[in-house]
Amino acid sequence: MKIASWNVNSLNVRLPHLQQWLESFAPAVVGLQETKLEDERFPDTALAELGYRSVFSGQKTYNGVAILSRSPATDVQIGIPGFVDEQQRVIAATVDGVRIINLYVVNGQDVGTDKYAYKLRWLEAVHAWIAAELQMHPDLVVMGDFNIAPDDRDVHDPEVWNDRHILTSTAERAALQRLLDLGLHDAFRLHHDDGGIFSWWDYRQAAFRRDMGLRIDLTLISDALRARCVAAGIDREPRTWDRPSDHTPAWVQLQPPTAY
DNA sequence: ATGGTTGTTCAACAA
């Protein structure tokens, strides 16, 4: 089964791209971020016509997350338990026995701002929650727009994207490392050692044409899923389409569980 | 980057 994450930057605008991509890529599960849609406007009927069920948590203008799946999604959790937050950035569900956590991590604007402090607080809350989720669900995938590039291989220019810059700062990378230390693995890095493979390119300065990108869309898998993970990658193609999202899908492929 | 582009909403914010 292929499991993917895609920040669509407005599902209203990107629905045709999503439909085309679901038909060609055929993931079993996809987590969406930045749907920017109130729940009443979520296009669940159009997606059902392609064979996908939807669970979602959205709001007007900003944020918004969803999980689409071919099999039913159960035990749906919206938001981080015990963390009061009006921003709709988190949805989790169990699909085909795999616990799926879909995150739209806070961007943080700039190091030292209030939004940066919120990002770090939010990541602390996510850390505590995921620690508990791992106890209950050994087969765990944490996917999403992390708004953190793990290391220098994941940025086009490490001089610009340095330890004092948003998305690459020391505290952000330390927060990501603390998540990994719970027993999670950056699935992409289990299958690729090379740098220069990105998932996001700024709309400005013709960044995509010049391949000035970052890899900030990640899929973390638990220790227990590691043996089942046979491939991982980033599908650049939707970024080449007309009027694209600034992000492109990141994915992993899991083998079925071994039967005894 | 006092920059540049896109989305939501319609002037300003977020990314």
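Letters A, B, ... are given to chains in the order of the sequence lines, protein chains preceding strands, and every chain is numbered from 1.
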Sugar-phosphate only, base, or nothing, as touched by A/Tyr104 at under 4.0 Å among non-hydrogen atoms: sugar-phosphate
Pairwise P distance for B/dT9 and B/dA14, with rounding to whole Å: 14 Å
Want to know the stems of DNA chain B: at least 3 consecutive Watson-Crick or G-U pairs with distances under 3.5 Å, which are they? B:5-8 with B:12-15
Using atom C1' in both nucleotides, what's the gap between B/dA11 and B/dT6 to the nearest angstrom? 16 Å
Using the rule that two of Ile, Leu, Val, Met, Phe, Trp, Tyr join whenever any of their side-chain heavy atoms come within less than 4.5 Å, decide whether A/Val55 and A/Phe42 are in one cluster. no
If you look at every strand shown and take non-hydrogen atoms under 4.0 Å, does A/Arg209 touch a base, only sugar-phosphate, or nothing? nothing
Should A/Arg215 and A/Asp186 count as an ion pair when the cut-off is N to O under 4.0 Å? yes
Ionic contact status for A/Asp154 with A/Arg173, cut-off 4.0 Å: no
Are A/Ile234 and A/Leu218 connected into the same hydrophobic cluster when the rule is that any two of I, L, V, M, F, W, Y join if their side-chain heavy atoms are below 4.5 Å apart? no
Using a cut-off of 4.0 Å between protein heavy atoms and nucleotide atoms, how would you tag nucleotides 4-10 of chain B 5' to 3' with B, S and -? BBSSSS-
I need the CD-C1' distance between A/Gln87 and B/dA15, as an integer number of Å. 12 Å
Sticking with atom C1', work out how far B/dG3 lies from B/dA15, rounded to a whole angstrom. 15 Å
Pairwise distance CZ(A/Arg14) to NZ(A/Lys36) - rounded to 0.5 angstrom: 8.5 Å
Say whether A/Tyr116 and A/Tyr104 are linked into one hydrophobic cluster, either directly or through other cluster members, by side-chain heavy-atom distances under 4.5 angstrom. no
What class does the angle between the rings of A/His165 and A/Trp161 fall in, given that below 30° is parallel, 30 to 60° is tilted and above 60° is perpendicular? tilted
Check residues 74-84 of chain A and write down every donor-acceptor pair under 3.5 Å in which the side-chain atom is one partner and the other belongs to a residue at least two apart or another chain.
unit_1	atom_1	unit_2	atom_2	d
A/Thr74	OG1	A/Thr94	O	3.4
A/Gln77	NE2	A/Gly79	O	3.0

